[in-house]
Amino acid sequence: MEEKVLSRKKNGMAALTGILVLYAAAVAGIVFGAQNAYASIVVGSILVAVAATILLAGLKVLKPQEALVLTLFGKYVGTLKEDGFYFVNPFCTSVNPAARTKLNQSGDVNDSAALLAIANKSTGTNVDLYSNKISLKIMTLNNNKQKINDCLGNPIEIGIAVTWKVVDTAKAVFSVDNYKEFLSLQCDSALRDIVRIYPYDVAPNVDTTGDGVSDEGSLRGSSDIVAGRIREEIQKRVEEAGIEVVEARITYLAYAPEIAAVMLQRQQASAIIDARKMIVDGAVGMVEMALERLNENHTVELDEERKAAMVSNLLVVLCGNRDAQPIVNSGSLY
């Protein structure tokens, strides 16, 4: 199905003027016929009023970044995209199967429909007020958080926000049953496929690019790359629905609650080990420097046993968690 954009004149105002003239003529004819007992004039005037009422259905108003897909007796006629006041065949109907679908996204907030729903609930009536116009604006779909296993099997929770827009109204309406629900489901599926390739954090011997070489890709450290791959994957899936995915961003990322505490302890242990390594490296360097300075200046001559004792004492002082309590030796070293 190819989109056919209708580039017709915006003659809505002229048509509205003509319809008002028909109404005025019908009212005048009914009054004149009733006063003079002309039944044929009354019947004709009523028919003119009915025709004017039918013609009212052909008036269409479009705001900027809106489109209207028109069909005539089931056949696709074309799409109105430019804003303005139009008059079309009154028997044409507008089609939008996703008009009633309200996802957790921008562009789905309809104040009039919400107020009508409240009124229906309070009065017990059931009146629909939905527009079949298709928005061409860039909208944001904020999908719910999902629990997915990463490439190491760790359960994580992740959420994404996808900005998208309709670029082909014919495909959006006729190629899929409901393009909004179709987009939402494809976002969930693409997210799962990409997340399963990456570990949550950097892990050894993991290939995330598919080139057979292990790399340092991760969900936490390579969020921009992951988001780009998610966008590309979603775009491939929704191309047939006439949708363009502008951007995809990770909005939430965390370990699942059942393993969050254990993974936090793991991260803390890793941080402690790294800190200890740094402390030990610095302490060994300071001990080496102290021994070299003592040998260079010949401040004191130490045998191997005394050097070992000095090294042990310095390491205890420099690597300890608490302040040292020194003991002063007032006698001879030997």
Side-chain angles (χ1 to χ4, degrees), residues 145 147-160 191 194-230 248-334:
K145 293 184 293 184
K147 183 183 291 186
I148 308 172
N149 291 339
D150 65 1
C151 69
L152 301 178
N154 298 321
I156 64 171
E157 290 184 345
I158 185 171
I160 60 171
L191 179 62
I194 298 300
V195 168
R196 288 170 181 167
I197 301 175
Y198 288 85
Y200 179 86
D201 214 339
V202 177
N205 302 322
V206 175
D207 176 23
T208 61
T209 58
D211 57 0
V213 180
S214 59
D215 51 68
E216 296 184 352
S218 66
L219 296 173
R220 191 168 66 92
S222 309
S223 58
D224 290 340
I225 297 176
V226 175
R229 294 186 67 176
I230 293 174
R249 287 294 175 185
I250 297 175
T251 57
Y252 182 85
L253 179 64
Y255 281 113
E258 56 266 27
I259 67 166
V262 177
M263 289 302 177
L264 179 59
Q265 292 178 356
R266 178 182 176 184
Q267 292 177 356
Q268 290 174 342
S270 178
I272 291 173
I273 291 173
D274 292 339
R276 286 295 180 184
K277 287 181 179 179
M278 185 178 298
I279 292 173
V280 171
D281 290 340
V284 171
M286 295 175 68
V287 170
E288 291 177 351
M289 181 183 65
L291 292 176
E292 289 177 359
R293 292 291 298 274
L294 290 174
N295 289 333
E296 289 175 359
N297 299 332
H298 302 285
T299 304
V300 61
E301 296 294 337
L302 300 174
D303 57 15
E304 295 301 322
E305 183 180 354
R306 296 298 178 181
K307 286 182 180 180
M310 178 181 176
V311 170
S312 176
N313 292 335
L314 286 174
L315 288 177
V316 170
V317 171
L318 295 174
C319 297
N321 288 331
R322 299 180 181 179
D323 294 336
Q325 300 291 332
I327 298 176
V328 179
N329 184 6
S330 60
S332 171
L333 288 174
Y334 301 95

Would you compute the distance between atom [atom1] of [X] and atom [atom2] of [Y] and round it to the nearest 0.5 angstrom?
| X | Y | atom1 | atom2 | value |
| --- | --- | --- | --- | --- |
| Glu157 | Tyr255 | CD | OH | 13.0 Å |
| Ile225 | Asp215 | CD1 | CG | 9.0 Å |
| Tyr198 | Leu219 | OH | CG | 8.0 Å |

Search all heavy atoms of [X] against all heavy atoms of [Y] and return the closest pair with its distance.
| X | Y | answer |
| --- | --- | --- |
| Tyr200 | Asp150 | N-OD2, 3.0 Å |
| Ala203 | Leu152 | CB-CD1, 3.7 Å |
| Ile230 | Ala248 | CG2-CB, 4.3 Å |
| Thr208 | Pro199 | CG2-CD, 4.0 Å |

Suppose we screen for side chain to side chain donor-acceptor pair (under 3.5 Å). Which residues come up paired with [X], at least two apart in sequence or across chains?
| X | value |
| --- | --- |
| Asp224 | Arg249 |
| Ser222 | none |
| Asp201 | Arg220 |
| Asp207 | Thr209 |

Asn149 and Pro155, any side-chain heavy atoms less than 4.5 Å apart |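 Pro155 vs Asn149: side chains touch.
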Scan side-chain atoms only and decide if Asn205 and Ser214 contain a donor-acceptor pair under the 3.5 Å cut-off.
-> no
Under the side-chain contact (heavy atoms from CB on, under 4.5 Å) test, which residues partner Ile148, sequence neighbours left out?
-> Gln146, Ile158, Leu191, Arg192, Val195, Arg196
Enclosure of Ile250 CD1 (heavy-atom neighbours >12, cutoff 6.0 Å) |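 Yes - once you tally the heavy atoms of other residues, nucleotides and ligands closer than 6.0 Å, there are more than 12.
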Apply salt bridge (Lys or Arg N to Asp or Glu O under 4.0 Å) to Lys145 and list each qualifying residue two or more places apart in sequence or on a separate chain.
->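 Lys145 satisfies salt bridge (Lys or Arg N to Asp or Glu O under 4.0 Å) with no residue once adjacent residues are dropped.
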